[in-house]
Every structure is written in C-alpha cells, then in structure tokens.
Asker: 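A single structure is presented below for examination.
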Amino acid sequence: MASNETLLAIFMNESLLKTQAYIDGQWLTTDNQFKVDNPFDNSHLADVTDCNQEQFQQAIDAASNAFTHWSQTSPKYRSKLLLAWYQNILEHQDDLAHTLTLEQGKPIAEARNEIVYGANYIKWFSEEALRINGDILQSGLDKQTQVLKLPVGVVGIITPWNFPQAMIARKVAPALAAGCTVVIKPAAETPLSALAMAELAHQIGIPKGVINIIPTTRAKEFGKAITASKKVRKISFTGSTAVGKLLLKQAADNVQRTTMELGGNAPFIVFDDADIDAAIDGLMVSKFRNSGQTCVCANRIFIHDSVYDQFAKQFVEKVKTLSVDNGLNETAKITALINPKAVSKVSDLVIKAKQQGAQVLFGGSVSPANHNIFLPTVLSDVQADMSIACEEIFGPVAPLIRFNTEQQVIDLANNTDAGLACYVFTEDRHRIRRLSHLLEFGMIAFNEGAISNEMAPFGGVKHSGMGREGSKYGIDDYLELKYVSVS
Ligand code: SIN
C-alpha cells in the first residue's frame with residue numbers, strides 16, 4: 001500500500017497520475033504490469049501497463065490514421081494547440097516535478113527546471129510551426145519550380161530516463177509542429193512523467209492518435225516494431241550509442257530517417273588564462289547536474305599544469321558544499337543514481353582509476369548512509385587513457401587531468417569516438433576562434449557550464465549521433481522536401 005499513496009499525497013492534481021498506455025486518445029490496460037520504484041529508497045511507486053506487440057501495432061495504426069488529418073491541419077491550429085499544451089504543463093509544474101523526482105531521483109529544484117526547460121521546446125515549436133516555408137526557384141518564364149516542405153509521417157520515438165519530460169517535449173514538439181504524429185516509448189524506469197504529459201495534451205484537445213504513449217519493458221521488441229513498420233517513416237532516439245547503432249541498422253532496412261542523440265564524453269578544458277572562479281562555477285553546473293547523469297556532463301576535465309593545483313584545491317572546497325540527500329528535499333544537490341547497476345558502474349570506474357594511479361581528493365565511494373547514492377568525487381592524477389576518461393561515467397565523479405599545450409589538449413579532447421559537448425574556459429579571443437573550428441564536437445561552450453536551451457541546435461558528431469533538436473534547425477528533421485515542377 002505504500003505504492004501510489006506516496007505519490008498521491010504529494011500530487012495536487014490526482015488526474016495526472018496515469019499508469020495505463022495512451023493509444024488513440026484512450027487509456028488502455030493489458031494483463032501485464034511492471035513496477036516503477038523510487039531510486040532513492042526503492043519504495044514502490046506504481047504498477048504500470050506493460051505493452052506488447054499488439055499495443056505497439058495498435059499505436060502505430062492509430063498514429064498512421066491520425067496523420068491523414070493532422071498533417072493537413074493549418075499551422076495556426078497546430079501552433080495554438082502546442083501553446084495550450086505548454087501552458088497546461090507550466091500550470092502543473094509542481095506536480096510534474098514531484099513525479100519526476102519520485103521516479104527519476106533528481107533534486108526537486110532541477111526537476112522544476114526540467115519542466116520549464118522541456119516546456120520551452122513546446123513553446124518554441126508552437127512558433128516555428130508558423131514558419132515552415134517552402135520556396136519557388138528560378139526556372140524561366142514557361143515553368144515554375146516549387147519546393148514544398150511536408151511532414152515526414154509517423155515518428156517512432158524512444159526517450160531516456162535521465163530527462164523523462166524534456167526529451168519527450170524536445171522530440172514531440174517539432175514533430176507535431178511539422179504535422180507528424182508520434183508513437184513514444186518512454187524509459188521503463190520513468191514512464192509516469194510521460195503519461196502525465198499525455199494527459200495534459202489530452203486535456204487541451206490534441207486529437208486522438210496524434211500522440212501515443214506505450215509504456216513497456218520490451219524495449220528491443222518495440223525498437224523492432226517501429227523500425228520494421230512501413231507506416232513509421234522516422235525514428236528519433238536519445239540514449240546509448242550501442243542501442244542507437246542497433247536502431248540505425250534496423251532503420252536502414254526500411255530506409256527510415258533517423259535522429260540520434262547518443263552518448264558523449266565531454267572534455268572540460270581550463271587554460272592558464274581562464275577566470276578560475278568562473279571555470280569552477282561552470283564545472284559545478286556541468287559535472288553535477290542530475291548527479292552527473294547527463295550525456296553533456298563534463299567527463300574529462302583538462303586543467304593547464306600551471307593552474308592545476310590551485311584549481312583542484314578550490315574545486316574540492318566547492319564540492320564539499322554539495323548537499324547529498326533525497327531529491328525531494330529542496331536543498332538536495334547530489335541524489336540517488338537511477339539504479340544499483342548505475343552505482344556499481346561508477347564504483348567500478350573509480351576503483352579501477354585508483355588502481356591505475358588516480359588519487360581521491362574527495363569522496364570516492366558509495367554513500368554509507370544510502371547505497372543508491374555515489375558521493376560527489378574529485379580524482380586527481382588521472383591520465384587521459386584511463387577507463388574513467390574513456391568511458392561515459394554517468395555519475396558525480398570529476399577526473400582531473402593535467403595538460404601543457406593547446407595542441408596537446410586539442411588532440412586529447414578529440415581522441416574519442418564521441419563528439420557531443422565540449423566546454424572551454426579561456427580569456428583569449430583568438431584561441432576561442434581557433435578552437436571553435438578545431439574541436440570535433442557538435443556543441444562547444446566557451447566560458448559557461450550550461451549548453452542546452454530550446455533556441456540552440458542540440459546534437460553531436462561522430463558516434464554521438466546525427467540530427468539536431470531545438471532551434472530553427474530542429475524542425476528540419478521532421479520535414480521532407482518535395483519538388484514540384486509546373487510547366
Ligand atoms: C541528455 O543528457 O540526454 C540531454 C541533456 C540536455 O538536454 O541538456
């Protein structure tokens with residue numbers, strides 16, 4: 001009985017607690033359910049409908065039928081609905097934030113930020129819906145060459161557990177603005193945020209079949225269903241590089257378009273001419289957001305030799321101030337990782353780094369008070385070829401690496417298959433211009449630790465994926481060009 005009570009006690013609006021699948025505008029259940037637990041104390045939060053092949057196909061059919069009408073609605077109509085959804089989400093910010101913290105674990109203050117962050121994509125694309133303009137190309141007097149921009153069709157979407165609300169918003173908003181319909185599988189760890197979003201869309205009148213949400217533990221089967229269906233014309237995925245590669249192979253057989261937001265291994269570079277206080281503030285944001293569980297988190301921290309010791313000392317003092325707590329506490333900064341497997345992975349990387357010669361300046365272990373939490377950790381004497389600097393840590397561990405020259409750090413930073421985010425602190429404007437070109441990443445932040453917002457194109461190069469989300473470019477992934485020649 002501890003289950004839904006915990007949630008319900010906190011919810012102001014119980015109608016948002018949805019545990020069924022949302023298909024063709026209806027809430028549907030099956031014989032099977034899966035458990036959603038709170039990562040902080042493993043308490044049971046809810047039993048959620050576990051969809052199978054039958055519901056996958058039902059949802060694809062619903063999205064395909066709805067596409068016929070939705071793709072032909074006016075941009076103004078779609079824009080108005082998206083704006084109403086945005087407003088409804090903001091009105092329920094606190095309920096959504098509590099759901100998010102309960103099922104994902106992140107600090108409640110960050111959860112509130114995520115609701116606004118995600119909602120901002122919906123507002124942005126409500127505006128972009130009005131600016132999908134085709135073209136007429138020069139072709140002489142007796143001929144007209146028209147270029148139409150049309151929605152690609154049904155989009156199959158798979159979202160991760162680390163941003164259960166924002167990643168749905170970032171994909172669904174441009175899809176709907178373009179005139180596409182969607183079938184979404186949220187992560188099995190965090191389906192409640194996605195289902196609450198669907199309820200809010202339902203309340204403001206998004207037509208049936210336009211958004212379908214399929215909670216399921218059958219992730220592989222879902223991936224196969226959407227990549228094999230001739231009715232699904234595009235796949236949008238945020239998650240691990242390994243799963244992304246698998247989906248790309250499957251999508252190739254059906255020649256589907258893809259947007260892939262995959263893993264990162266972000267370098268965070270501090271030059272000797274940097275403002276050290278600003279660099280430390282930037283690193284606190286970049287490293288410890290969501291307890292280190294973001295694909296844009298600083299993963300390899302390169303500090304110029306001449307400022308390394310001073311930086312390490314000041315940084316440790318800041319890290320000591322981080323409050324390690326239950327995410328529901330307003331002051332919490334470092335909270336539980338998503339599951340015990342994640343804790344073991346971080347723990348193993350730290351143990352290995354120590355064996356390879358890294359020194360623990362702070363933290364370095366699982367919290368003795370709660371084994372779901374890994375303590376905020378600073379490691380020094382890390383070498384760029386240690387596993388901790390080659391793998392995505394996805395935890396609150398900051399490995400500090402020394403460098404001496406600009407060329408050396410460019411080579412070290414680029415020496416990875418990942419190419420998502422990169423952070424650089426320097427006061428030299430010539431260096432900023434050089435490095436903008438030479439660093440092989442989709443996103444580079446100079447002198448700041450936060451890189452994501454709805455106005456910027458989020459996305460990576462190399463094995464970090466393809467396509468961009470957000471900004472004026474984000475809608476292109478959901479539009480097809482059609483050339484029409486009129487003689
Ligand atoms: C992610 O970690 O997948 C997304 C991070 C962000 O949107 O900033």
Side-chain angles (χ1 to χ4, degrees), residues 97 100 104-107 109-125 157-174 184-187 189-190 193-194 197 235-244 247 258-268 282-299 335 337-338 342 345-346 391-397 418-423 441-445 448-461 463-471 473-474 477:
L100 210 163
Q104 200 273 332
K106 73 174 58 176
E110 284 193 36
R112 285 198 193 95
N113 287 344
E114 177 175 342
I115 302 309
V116 177
Y117 171 52
N120 283 344
Y121 283 97
I122 300 177
K123 180 159 186 283
W124 176 268
F125 285 107
I157 293 177
I158 301 178
T159 53
W161 50 260
N162 62 345
F163 288 86
Q165 186 263 13
M167 295 305 101
I168 288 187
R170 191 152 89 182
K171 292 173 188 304
V172 175
I184 307 160
K185 185 196 90 59
E189 292 85 348
T190 56
S193 296
M197 292 271 284
I235 306 296
S236 180
F237 171 71
T238 294
S240 74
T241 302
V243 174
L247 288 168
T258 57
T259 296
M260 294 280 148
E261 299 294 356
L262 309 179
N265 180 3
F268 188 104
L283 184 55
M284 295 298 289
V285 173
S286 165
K287 179 67 252 182
F288 296 112
R289 182 173 168 228
N290 200 7
S291 300
Q293 300 172 107
T294 88
C295 54
V296 292
C297 273
N299 208 60
T335 56
L337 297 185
I338 189 67
K345 185 197 158 187
V346 176
E391 286 182 38
E392 209 176 2
I393 304 168
F394 246 64
V397 179
L420 193 58
C422 174
Y423 306 84
F441 296 85
M443 301 178 280
I444 307 179
E448 63 176 341
I451 203 164
S452 320
N453 67 71
E454 78 281 6
M455 292 174 288
F458 189 103
V461 298
H463 289 209
S464 289
M466 59 196 60
R468 293 295 179 268
E469 294 186 327
S471 82
Y473 303 104
D477 277 26

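The figures that follow rest on heavy atoms only: side chains count, while hydrogens, waters and symmetry mates do not. Note that ligands are numbered from 1 as they come in the structure, with each ligand's atoms numbered from 1 the same way.
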Asker: Atom 5 (C) of ligand 1: which protein heavy atom is closest, and how many Å away?
Answerer: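 So the nearest neighbour among protein heavy atoms is Phe163 CE1, 3.6 Å.
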
Asker: Are the side chain of Asn453 and the backbone of Met455 linked by a donor-acceptor contact shorter than 3.5 Å?
Answerer: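 Such a contact is found between Asn453 side chain and Met455 backbone.
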
Asker: Can you list the atoms of ligand 1 that are under 4.0 Å from a heavy atom of Asn162?
Answerer: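 Checking each atom against Asn162, I get 1 (C), 2 (O), 3 (O).
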
Asker: Can you tell me which portion of Glu261 lies within the under-4.0 Å heavy-atom range of ligand 1? Options are side chain, backbone, both, or neither.
Answerer: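 Neither; no heavy atom under 4.0 Å.
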
Asker: Any chance you could lay out the side chain to side chain donor-acceptor pair (under 3.5 Å) test for Thr238 and Lys171, step after step, and finish with the verdict?
Answerer: CA-CA 9 Å; Thr238 294; Lys171 292 173 188 304; 2.8 Å; yes

Asker: Of all the heavy atoms in Arg289, does at least one lie under 4.0 Å from an atom in ligand 1?
Answerer: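 Judged by the 4.0 Å heavy-atom criterion, Arg289 does count as contacting ligand 1.
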
Asker: For Tyr117, which of Arg170, Glu454, Gln165 qualifies under side chain to side chain donor-acceptor pair (under 3.5 Å)?
Answerer: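 Only one option passes, and that is Arg170.
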
Asker: When you measure from the side chain of Asn265 to the backbone of Asn299, do you find a donor-acceptor pair of N or O atoms at a distance under 3.5 Å?
Answerer: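 No, the answer is negative, given that no donor and acceptor are paired below the 3.5 Å cut-off.
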
Asker: Between Met443 and ligand 1, which residue portion shows a heavy-atom distance shorter than 4.0 Å: side chain, backbone, both, or neither?
Answerer: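 For Met443, no heavy atom sits under 4.0 Å from ligand 1.
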
Asker: Enumerate the atoms of ligand 1 whose separation from the nearest heavy atom of Tyr117 is less than 4.0 angstrom.
Answerer: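 Answer for ligand 1: 6 (C), 7 (O), 8 (O).
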
Asker: Does Lys106 form a side-chain contact (heavy atoms from CB on, under 4.5 Å) with Arg289? I'd like the steps, not just the answer.
Answerer: CA-CA 9 Å; Lys106 73 174 58 176; Arg289 182 173 168 228; over 6 Å; no

Asker: Going by ring pair (Phe, Tyr, Trp, His ring centres under 6.0 Å), name the residues that satisfy it together with Phe237, two or more places apart in sequence or in a different chain.
Answerer: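 With sequence neighbours excluded, Phe237 shows a ring pair (Phe, Tyr, Trp, His ring centres under 6.0 Å) to no residue whatsoever.
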
Asker: My understanding is that we take every heavy atom of each candidate and find the minimum distance to atom 6 (C) of ligand 1. Doing that for Gly263, Ser452, Cys295, which one comes out nearest?
Answerer: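 Considering heavy atoms of Gly263, Ser452, Cys295, the nearest to atom 6 (C) of ligand 1 sits in Ser452.
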
Asker: Can you confirm, on distance only, whether ligand 1 has an N/O atom lying under 3.5 Å from any N/O atom belonging to Arg170?
Answerer: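 Yes, since at least one N or O of Arg170 sits under 3.5 Å from an N or O of ligand 1.
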
Asker: I need the atoms of ligand 1 closer than 4.0 Å to a non-hydrogen atom of Thr238, numbered in the order shown.
Answerer: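 By the 4.0 Å cutoff, the relevant atoms are 3 (O).
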
Asker: Using a strict cut-off of 4.0 Å, indicate which atoms of ligand 1 neighbour a heavy atom of Met167.
Answerer: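 Under 4.0 Å from Met167, ligand 1 has these atoms: 4 (C), 7 (O).
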
Asker: Does Trp124 use its side chain to pair, donor to acceptor, with the backbone of Gly470 at less than 3.5 Å?
Answerer: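 No: the side chain of Trp124 does not pair with the backbone of Gly470.
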
Asker: Between the main-chain N or O of Met260 and the side-chain N or O of Thr258, is there a donor-acceptor pair closer than 3.5 Å?
Answerer: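 No; judged by distance alone, with no hydrogens or angles, the pair does not exist.
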
Asker: For ligand 1, which atoms have a heavy atom of Thr294 less than 4.0 angstrom away?
Answerer: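 Near Thr294, meaning under 4.0 Å from one of its heavy atoms, ligand 1 has 2 (O).
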
